[in-house]
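Written below as structure tokens is the structure these notes are about.
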Amino acid sequence: MKLNRILPFARNLLHLAVGEGDYAVDATIGNGHDTVMLASLVGETGHVYGFDIQQEALESTTSRIKDKQLFDRVSLFQKSHDQLLATIPNKAHGKISGAVFNLGYLPGGNKEIVTKPDSTIKAIEQLLEIMKPEGIIVLVVYHGHEEGAVERDQLLEFCTILDQNRAHVLMYRFMNQVNNPPFIIAIEKR
Ligand SMILES: C[S@@+](CC[C@H](N)C(=O)[O-])C[C@H]1O[C@@H](n2cnc3c(N)ncnc32)[C@H](O)[C@@H]1O
């Protein structure tokens, strides 16, 4: 048997959580790979809300979802994910079954624009308010860069003290790999 690597494990969780007709959130759209995956999972009757602060990410993701003819089931916002509560329409509140954060910087983009612990944690708090019970938040934590290590530490602190009556929190990490490989935090809303 081969253990699931980090990205396949993240995708697998989302495949299990998100089904046809659901609402889902891509909190860091970047080049849109996760947006496309979520849009495929929600089908024609569901919807994906995507966030990124960079215009480049919006352009790249728009072109990718248009190519795959998924444009009608996706709404993209050039906003920080800590605005998601005010941005996602009320009709989706209580019906979001999956959300994903790929932390760090845009691959091939400006490495100085990175996710920050404060807004990441605010966005998680907001998601916990508006997701449906048993909805899953998947965070892929890249901590090989300086700010990534700070974000990792604050996230781990936040997750460790999250009330177990509110959420189950899982960490999936290869412990013996060198060079700070990414790991997963998965949060299931109770
Ligand atoms: C690792 S990339 C995401 C990669 C993406 N999943 C893909 O498929 O290409 C991280 C993204 O987070 C974005 N970002 C940084 N801070 C953010 C914030 N506060 N809200 C939303 N997106 C943010 C960056 O602009 C960057 O595009």
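For ligands, and for the atoms within them, numbers begin at 1 and follow the listed sequence.
By the criterion of a heavy-atom distance under 4.0 Å, the backbone of Leu103, and not its side chain, is placed next to ligand 1. The side chain of Ser119, and not its backbone, has at least one atom closer than 4.0 Å to an atom of ligand 1 (non-hydrogen atoms only; side chain from C-beta on). Under 4.0 angstrom from ligand 1, the non-hydrogen atoms of Ala27 all belong to its backbone.
In summary, Glu147 and Lys116 engage in a salt bridge, as defined by a charged side-chain N under 4.0 Å from a carboxylate O.
At least one test fails for Lys95 against the ring of Tyr23: distance under 6.0 Å to the centre or angle within 45° of the axis.
A donor-acceptor pair is defined here as one N or O able to donate and one able to accept, closer than 3.5 Å; such a pair exists between the side chain of Thr87 and the backbone of Gln83.
Shortest contact from atom 3 (C) of ligand 1 to any protein heavy atom: Thr28 O, 3.4 Å. The closest protein non-hydrogen atom to atom 20 (N) of ligand 1 is His81 N, 2.9 Å. The shortest contact between atom 5 (C) of ligand 1 and any protein heavy atom is with Ile29 O, 3.3 Å. Nearest to atom 16 (N) of ligand 1 among the protein's heavy atoms is Ile53 CD1, 3.5 Å.
Where the criterion is an N or O separation shorter than 3.5 Å, residue side chain and backbone included, Asp26 fails it with respect to ligand 1. Checking only distances, Tyr105 never comes within under 3.5 Å of ligand 1, N or O to N or O.
Taking every non-hydrogen atom of Gln54 and a distance limit under 4.0 Å, the qualifying atoms of ligand 1 come out as 24 (C), 25 (O).
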